[in-house]
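Taking it in order: structure first as structure tokens, then the write-up.
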Amino acid sequence: MIYVDADACPVKPEILKVAERHGIEVTFVANSGLRPSRDPTVKNVIVSGSFDAADDWIVEHVEPADIVVTADVPLAGRCVARDAFVTGPTGRVFDRTNIGMATAMRDLGQHLRETGESKGYNAAFSPRDRSAFLETLDRLCRRAKSSGTAP
């Protein structure tokens with residue numbers, strides 16, 4: 001299963017393409033409307049608008065060796081703790097070896113933005129990011145299918 005934190009996910013078409021190639025079901029989870037799909041392997045879940053409702057839903061349903069796509073570092077950490085494979089939309093993999101540093105960097109960035117020491121602009125999503133994501137997701141799908149267990 002691939003779970004997608006879908007509210008601001010820029011790689012939804014890519015996820016569907018890779019999932020179809022590997023025969024893996026996809027669940028998009030969001031606080032707002034999603035485009036319906038006629039594909040029986042694609043499920044849309046709309047959660048309440050409350051803070052972290054989509055994150056909480058994903059964490060409640062994710063199982064070891066499932067794949068989660070999210071740019072949300074705290075959600076990534078919660079899913080890594082449940083032995084899921086986790087990637088961001090730029091192809092960055094989150095796992096037990098790097099989630100602590102990713103969380104620390106996220107917290108530092110938030111602190112710098114709150115104190116006005118940083119404007120906090122994110123880099124634009126690039127074709128290179130999209131390509132890296134496709135490669136990473138394909139690799140994670142192969143690992144999840146062959147191992148049946150998370151890292």
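For the numbers below, each heavy atom of this structure counts, side chains included, while hydrogens, waters and symmetry mates do not.
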Quiz item: Hey, mind stepping through Thr41 and Asp39 against side-chain hydrogen bond (donor to acceptor under 3.5 Å, both in side chains) and telling me if it holds?
Solution: CA-CA 5 Å; Thr41 65; Asp39 185 338; 2.7 Å; yes
Practice problem: Would you indicate whether the side-chain heavy atoms of Phe133 and Val69 approach each other to under 4.5 Å? | Solution: yes
Quiz item: Between Asn31 (side chain) and Ser48 (backbone), is there a donor-acceptor pair under 3.5 Å?
Solution: yes
Exercise. Taking the side chain as every heavy atom from C-beta outward, state whether Leu140 and Glu135 have any atom pair closer than 4.5 Å.
Key: no
Quiz item: So, the side chain of Thr136 versus the backbone of Ala132: is there a donor-acceptor pair under 3.5 Å, distance only?
Solution: yes
Quiz prompt | Stepwise side chain to side chain contact (heavy atoms under 4.5 Å, CB included) check, Val4 with Val29 | solution = CA-CA 6 Å; Val4 182; Val29 184; over 6 Å; no
Quiz item: Within a strict 4.5 Å, meaning less than it, do heavy atoms of the Arg139 and Val93 side chains meet?
Solution: yes
Self-check item: Pairwise distance CD1(Ile67) to SG(Cys141) - rounded to 0.5 angstrom
Solution: 4.0 Å
Quiz item: Could you go step by step and tell me if Asp5 and Val68 meet the side chain to side chain contact (heavy atoms under 4.5 Å, CB included) rule?
Solution: CA-CA 8 Å; Asp5 184 9; Val68 176; 5.8 Å; no
Quiz item: Judged by atom type as modelled, is there a donor-acceptor pair below 3.5 Å linking the side chain of Thr87 to the main-chain atoms of Arg92?
Solution: yes
Quiz item: Is the side chain of Arg130 donor-acceptor paired with the backbone N or O of Pro10 at a distance under 3.5 Å, no angle test?
Solution: yes
Practice problem: Would you mind checking if Asp66 and Arg82 are paired as a salt bridge, meaning a charged N to carboxylate O distance below 4.0 Å? | Solution: no
Quiz prompt | Pair Asp72-Thr70, side-chain donor/acceptor within less than 3.5 Å | solution = no
Exercise. With rounding to the nearest 0.5 Å, note down the distance linking CH2 in Trp57 to CD1 in Ile46.
Key: 11.0 Å
Quiz item: Does the side chain of Phe94 come within less than 4.5 Å of Val73's, by heavy atoms?
Solution: yes
Quiz prompt | Where Pro36 and Asn44 come nearest, the two heavy atoms and their spacing | solution = CA-ND2, 3.7 Å
Self-check item: CZ/Arg21: more than 12 non-hydrogen atoms of other groups inside 6.0 Å
Solution: yes
Exercise. Report the C-alpha separation of Glu25 and Val42 in whole Å, then their side-chain angles, then the decisive distance to 0.1 Å, and conclude whether the side chain to side chain contact (heavy atoms under 4.5 Å, CB included) test is met.
Key: CA-CA 6 Å; Glu25 295 180 5; Val42 177; over 6 Å; no
Exercise. Indicate yes or no for a side-chain donor-acceptor contact from Lys43 to the backbone of Val26 under 3.5 Å, with no hydrogens or angles considered.
Key: no
Exercise. Determine whether Pro89 and Asp129 make a side-chain contact, defined as any pair of heavy atoms from C-beta on separated by less than 4.5 Å.
Key: no
Practice problem: Can you measure from CG (Asp138) to CZ (Arg143) and round to the nearest 0.5 angstrom? | Solution: 12.5 Å
Practice problem: Let me see the working for Met1 and Val62 under side chain to side chain contact (heavy atoms under 4.5 Å, CB included), right down to the final yes or no. | Solution: CA-CA 8 Å; Met1 175 68 74; Val62 73; over 6 Å; no
Quiz prompt | Ala65 to Ala144 - nearest heavy-atom pair and separation | solution = O-CB, 3.4 Å
Quiz item: Which distance, rounded to the nearest 0.5 Å, do you find between the OG of Ser131 and the CD of Glu14?
Solution: 10.0 Å
Quiz item: With distance as the sole test, does Tyr3 use its side chain to make a donor-acceptor pair with the main-chain N or O of His61 at under 3.5 Å?
Solution: yes
Quiz item: Distance-only, no hydrogens or angles: does the Asp52 side chain make a donor-acceptor pair with backbone N or O of Asp55 under 3.5 Å?
Solution: no
Self-check item: Separation of Leu34 CG from Cys9 SG (nearest 0.5 Å)
Solution: 10.5 Å
Quiz item: Taking Leu75 as the fixed residue, which of Asp56, Val86, Val80, Val59 is the one that meets the side-chain contact (heavy atoms from CB on, under 4.5 Å) rule?
Solution: Val59
